[in-house]
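Encoded as C-alpha cells, the structure appears first; notes follow it.
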2 protein chains.
Amino acid sequence: MRASDRAYRTLRTEVLDGSLEPGTVLQEVEQATRLGVSRTPVREALRQLAADGLVDASGRGAVVTALSRDDIAALYELREALEAKAAALAAQRGDAVPFLLIRDRLLGAPQLLAQGEPGLVPYFDIVDDLDDAIEEAAANPFLATALRSVQLHSARIRRFSRHNPERLRAAAGEHLLIVEAILARDAELASQATHVHLHMSLTNALATAPGTVGEADEGTALGPRVA
Amino acid sequence: MRASDRAYRTLRTEVLDGSLEPGTVLQEVEQATRLGVSRTPVREALRQLAADGLVDASGRGAVVTALSRDDIAALYELREALEAKAAALAAQRGDAVPFLLIRDRLLGAPQLLAQGEPGLVPYFDIVDDLDDAIEEAAANPFLATALRSVQLHSARIRRFSRHNPERLRAAAGEHLLIVEAILARDAELASQATHVHLHMSLTNALATAPGTVGEADEGTALGPRVA
DNA sequence: TCCGACCGTTGTGTATACATTGGAGGGGTC
DNA sequence: GACCCCTCCAATGTATACACAACGGTCGGA
C-alpha cells in the first residue's frame with residue numbers, strides 16, 4: 001500500500017475516534033516524522049482530509065475541525081435529505097435479497113445489545129451493512145459519494161451513543177422498520193421511516209454530546225495544540 | 001496565487017467546458033510541461049479533480065470522467081434531494097433582502113434572453129446568484145459542500161441548454177416561482193417548486209444531451225487519448 | 001515603559017532527483 | 001500459430017533540497 005494512503009487512513013482514524021482532538025494542529029514535518037514517511041505523502045493525506053472536511057487547511061498547518069452542536073444539527077439535516085432519498089430509491093429499485101439477510105440479522109440485534117460492550121461491534125456491523133445495502137440499491141454514484149461523506153462525519157458522533165444501550169435498542173427497531181418498508185417496495189414509507197429514525201437519532205446525539213465534540217474542557221486559552 | 005491552485009482551476013475549467021473531453025488521459029509530466037509548473041502542483045490538482053469526481057485516478061494517469069445519460073439522471077436525483085431541502089431551509093431561515101433583489105433581476109430575464117447569445121452570461125449570473133443565495137440562506141455548511149459538488153457537475157451539462165432559448169425562458173419562470181415561495185416563507189412550496197424545476201430541467205437535458213456527454217463519436221476503438 | 005522595526009526561525013510551496021511499479025513488446029517455447 | 005515469460009521503459013510514488021513568506025522575539029528609540 002502507498003505511504004500516502006497509510007498516512008491518510010492513520011490520520012483519518014485518529015480524527016474519527018477522537019485521539020486527535022478538534023483544534024489539534026497537524027504540521028507536515030511533525031506528522032511525517034511521527035508516521036515515518038516524508039512530507040510528500042503527508043501533504044497528500046492532509047489535502048484529502050481537508051477535502052473530507054475533517055481538517056481545516058486554511059493558513060499554516062491543518063487544524064482538526066470541531067463539531068459544534070449546530071454542526072451536528074446541520075449534518076443531520078443533510079443526512080435526512082440524502083438518506084430519505086436513498087431509502088426511497090432503494091425501495092423502488094433494490095434487490096430484496098440483501099435486505100432479507102439484514103432483516104434477519106436485525107431481529108437478533110436485541111440479543112447482541114443485551115451482551116453489553118462485546119455486542120456493539122457486530123451490532124454496528126449490521127447498521128453499516130444496511131447503509132451499504134441501501135447505497136448499493138439506490139444505484140446512484142453521486143448519491144453514494146454524498147452518503148459516504150456524511151457517514152464519515154457521522155462516525156465522529158457515533159461514539160457518544162455507544163454507551164446508551166436503550167437508544168441502540170430503539171434504533172435497531174427503527175432500522176428494522178426501514179428495511180421492512182424497502183422490502184415492501186414502499187418508497188414513501190421508507191423515506192418517512194428514515195426521517196423518523198434520524199429525528200430520534202439527532203435528539204439523542206444532542207442530548208449526549210458535549211458542547212463541542214471532543215473539545216477539551218481544560219485550557220481553552222492555551223491556543224491550538226500541536227500534535 | 002499558488003501554482004497548484006492555478007493548475008487546478010485551469011484543468012477544471014477545461015474539463016467543465018469540454019475542451020478536455022471525457023476519456024482524455026491527463027499525465028503528470030505532460031500536464032506539468034503544458035501548464036509550465038512542476039509535477040508537484042499538478043499532482044495536487046489531479047488529486048483535487050479526482051475528489052471532485054471530474055477525473056478518475058484509478059490506475060495510471062487520470063482519466064477525464066464521462067457523463068452518460070444515466071449519470072445525468074442520477075445527478076438530478078441527487079440535485080433534487082439537496083436543492084429541495086436547501087430551498088425549504090432557505091424559506092424557513094433566509095433573509096428576504098437578497099431574494100427580493102434576485103426577484104427583480106429574474107423579472108428582467110425574458111428581456112435578457114430575447115437578446116440571444118450576449119444575454120446568456122448575465123442570465124446565468126442571475127441563476128448562479130440564486131443558487132448562492134439559497135446556499136447562504138440555508139445556513140448549513142455540510143449541505144453547502146454537497147451543493148457545490150452537484151453544481152460542479154451540473155456545469156458540465158449546462159452548455160447543452162445554452163442553445164435552447166425557449167427552455168431558458170421557462171426555467172426563468174420556474175426560478176421565479178422558487179424565489180416567490182422563499183419570500184412567502186412557504187418551505188413546502190419552495191421544495192415542490194424546486195422539484196418541478198429540476199424535473200423540467202432534466203427532461204430538457206436528456207432530450208438535448210448526446211448519448212454520452214463529450215464522448216467522441218469518431219474512433220471509440222482508438223483507446224484513450226493523451227492530451 | 002511602550003511601541004516599532006529588523007532579523008532569525010519555522011513552516012509551507014515548488015522543483016527535482018531517486019525508487020518502484022506496472023505495462024507493453026519482443027522473443028522463445030509448446 | 002498462440003501463449004507465456006522476460007526484459008526494458010515509462011510513469012507514478014517518495015524523498016529531499018531550495019525558496020519564500022509569516023510569525024515571534026529582541027533590540028533600539030521615543
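Lettering follows sequence order; numbering is per chain, from 1.
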Closest nucleotide among D:dT12, D:dA15, C:dG13 to the A:Glu28 side chain: C:dG13
The nucleotide from C:dG13, C:dT14, D:dA11 with an atom nearest the side chain of A:Arg47 is C:dG13
Measure the distance from [atom1] on [X] to [atom2] on [N] and round it to the nearest whole Å.
X	N	atom1	atom2	value
A:Gln31	C:dT12	CD	P	10 Å
A:Arg43	D:dG13	CZ	P	16 Å
B:Gln27	D:dC9	CD	C1'	13 Å
B:Glu44	C:dT12	CD	P	12 Å
A:Leu35	D:dA15	CG	C1'	15 Å
A:Met1	D:dT14	CE	P	11 Å
A:Glu30	C:dT12	CD	C1'	14 Å

Could you tell me whether the phosphate oxygens of C:dT16, OP1 or OP2, come under 4.0 Å of any side-chain nitrogen or oxygen in B:Thr40? no
For A:Glu77, is there an ion pair with B:Lys85 - N to carboxylate O distance below 4.0 angstrom? no
Please determine whether a side-chain nitrogen of the Lys or Arg among B:Asp71 and B:Arg156 lies less than 4.0 Å from a carboxylate oxygen of the Asp or Glu. no
Donor-acceptor pair under 3.5 Å, A:Arg39 side chain vs C:dG13 base: yes
Mind checking A:Arg60 for me? I need base, sugar-phosphate or nothing, with any heavy atom below 4.0 Å counting as a touch. base
Side chains of B:Ser19 and B:Asp17 only: does a donor on one sit below 3.5 Å from an acceptor on the other? yes
A quick test of your reading: do over 12 heavy atoms of other residues, nucleotides or ligands sit less than 6.0 Å from CD of A:Gln115? yes
Residue whose closest nucleotide on DNA chain C lies nearer the 5' end, A:Val29 versus B:Val37: A:Val29
